[in-house]
Amino acid sequence: DQEFSFHDILVEFHGLIFDLFFLGIILALYESYRDKKDKTERYQEEIDDFRKWQSDEAKYKIIGNVRRLYNLGTTEFILNHCYLENGDLTKFNFTNSSFAFANLESACFSRSSLNNCNFWGADCRKLFCVETVATNANFEKVDLSNSTFTKCDLSSVNLRNANLKNAKICGTDFNNADMSFANLDEIKVYDENWLETLKLNNVKGIDQLSEEYEIRPEGLDRDEIGEFWTVTRKTST
């Protein structure tokens, strides 16, 4: 009609372009979400497929999928009954994860976060931890013999009835931890006053342990970490 103007078409054209651009963003975000969701489900299913397998192939597959899930933003893992012997699990955030009944012998958790993790029934012999944070982790009745804890934060950790025989403990914080009835036989410590330090840090069960154990004064020795003393059971008189 006589009021027709190309300006009106230009306005409508810009509106259409804006609508298409906005719709494209929504579709892209949806596709990204769906792709991430599908990948997460697939990687978790693959972990389940290799659960309880006692082989190096299973270990590499599980750790590979853990790393992929971690890169997608997952931090809570259910790795119960997984074979992870000698596994490289460094620099992960495993907060609130579960490793119940997993084989973690000689696994490395250096610079990882294990806050609130559950290790009930896991095999943690020769565990290697440097600058690991494991506050409120549950190691009750867990075998941690021959493990190494260097500059770790084990505040409020549950070590009731845990086996720490022959472990190496250097510069590690046990503030408010529960070590009731733990086995401290032949632990190597790098602080001559380690048992007294545990008392100052309000460690539960330390009074009973102090009656049972002592740091052998003549046991000073040296290894790759430095000078250490050995915790031994007191001899009866």
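Values in this document were obtained by computation on a predicted structure and should not be read as measured data.
Across every non-hydrogen atom of L209 and A182, the tightest pair is CD2-O, 3.5 Å. Heavy-atom minimum distance, S98 versus N80: OG-OD1, 2.6 Å. Among all heavy-atom pairs drawn from Q208 and F181, the shortest one is OE1-N, 3.8 Å. Across every non-hydrogen atom of N86 and S106, the tightest pair is OD1-CB, 3.1 Å. Across every non-hydrogen atom of C108 and T90, the tightest pair is SG-CG2, 3.3 Å.
Interatomic distance, SG of C124 versus CG of N163, reported as 11.0 Å (0.5 Å rounding). Here the SG atom belonging to C129 is positioned 11.5 Å from the CZ atom belonging to R111, to the nearest 0.5 angstrom. Once rounded to the nearest 0.5 Å, the distance linking CD1 of I187 with OG of S145 reads 10.5 Å. Interatomic distance, K141 NZ to L159 CG, rounded to the nearest 0.5 Å: 14.0 Å. Considering CZ of F139 and OG of S147, their distance stands at 8.5 Å, rounded to 0.5 Å. Separation of atoms OG1 (T135) and CG (N175) is listed at 11.0 Å; rounding is to 0.5 Å.
A donor-acceptor pair is defined here as one N or O able to donate and one able to accept, closer than 3.5 Å; no such pair exists between the side chain of D143 and the backbone of R125. Without hydrogens or angle criteria, Y213 side chain to L184 main chain gives a donor-acceptor distance under 3.5 Å. In this structure a side-chain-to-backbone donor-acceptor pair under 3.5 Å is missing from T74 to Y70. No donor-acceptor pair under 3.5 Å is formed between the side chain of S156 and the backbone N or O of N136. Side-chain atoms of T132 never come within 3.5 Å of backbone atoms of L114 as a donor-acceptor pair (strictly under, hydrogens ignored).
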Could you walk me through whether L89 and L104 pass the side chain to side chain contact (heavy atoms under 4.5 Å, CB included) test, one step at a time?
CA-CA 10 Å; L89 299 166; L104 296 167; 4.3 Å; yes
Checking side chain to side chain contact (heavy atoms under 4.5 Å, CB included) for the pair L144/L127: CA distance, chi angles, key distance, verdict?
CA-CA 7 Å; L144 289 160; L127 211 64; 4.0 Å; yes
Taking it one step at a time, do N96 and N115 satisfy side chain to side chain contact (heavy atoms under 4.5 Å, CB included)?
CA-CA 6 Å; N96 298 317; N115 297 324; over 6 Å; no
Does the side chain to side chain contact (heavy atoms under 4.5 Å, CB included) test come out yes or no for K39 and L72, once each step is laid out?
CA-CA 9 Å; K39 287 182 178 179; L72 289 173; 3.9 Å; yes
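Linking ILVMFWY residues whenever their side-chain heavy atoms come closer than 4.5 Å, directly or via other members, leaves Y83 and Y43 in distinct clusters. A single hydrophobic cluster is not seen to contain both V133 and F94; linkage of ILVMFWY side chains at heavy-atom distances under 4.5 Å, directly or through other members, places them apart.
Under a 4.0 Å N-O distance rule, the pair K234/E214 does not qualify as a salt bridge.
A donor-acceptor contact closer than 3.5 angstrom is absent between the side chains of N176 and S155. Checked by atom type, the side-chain pair E186/N166 shows no donor-acceptor distance below 3.5 Å. Judged by distance alone, the side chains of N71 and R68 never bring a donor and an acceptor atom under 3.5 Å apart. Counted by atom type alone, N93 and T75 present zero donor-acceptor pairs between their side chains at under 3.5 Å. A donor-acceptor pair shorter than 3.5 Å can be found between the side chains of T95 and S113.
In this structure the side chain of N103 reaches within 4.5 angstrom of the side chain of Q54, judged on heavy atoms. The shortest distance between side-chain heavy atoms of V66 and F77 falls below 4.5 Å. Using a 4.5 Å cut-off on side-chain heavy atoms (C-beta onward), L164 and N183 make no contact.
Taking the centre of each ring, F128 and F149 stay at or above the 6.0 Å mark.
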Result block: side-chain N/O donor-acceptor pairs under 3.5 angstrom for residues 55-63, not counting sequence neighbours:
| from | atom 1 | to | atom 2 | distance (Å) |
| --- | --- | --- | --- | --- |
| S55 | OG | A58 | N | 3.2 |
| K59 | NZ | E85 | O | 2.9 |

Extract all donor-acceptor atom pairs below 3.5 Å that involve side chains of residues 192-205 and protein atoms in other chains or at least two apart in sequence.
| from | atom 1 | to | atom 2 | distance (Å) |
| --- | --- | --- | --- | --- |
| T197 | OG1 | D191 | OD2 | 3.1 |
| T197 | OG1 | N193 | O | 3.0 |
| N201 | ND2 | T197 | O | 3.3 |

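For residues 153-176, the set of pairs meeting the salt bridge (charged side-chain N to carboxylate O under 4.0 Å, His left out) definition, not counting sequence neighbours, comprises R160-D178, K168-D223, K168-E224.
Note: F99 and F109 have perpendicular aromatic rings, judged against thresholds of 30 and 60 degrees for the angle between ring planes. Note on ring orientation: taking the six-membered ring where Trp is involved, the planes of W53 and F50 are perpendicular (angle over 60°, cut-offs 30° and 60°).
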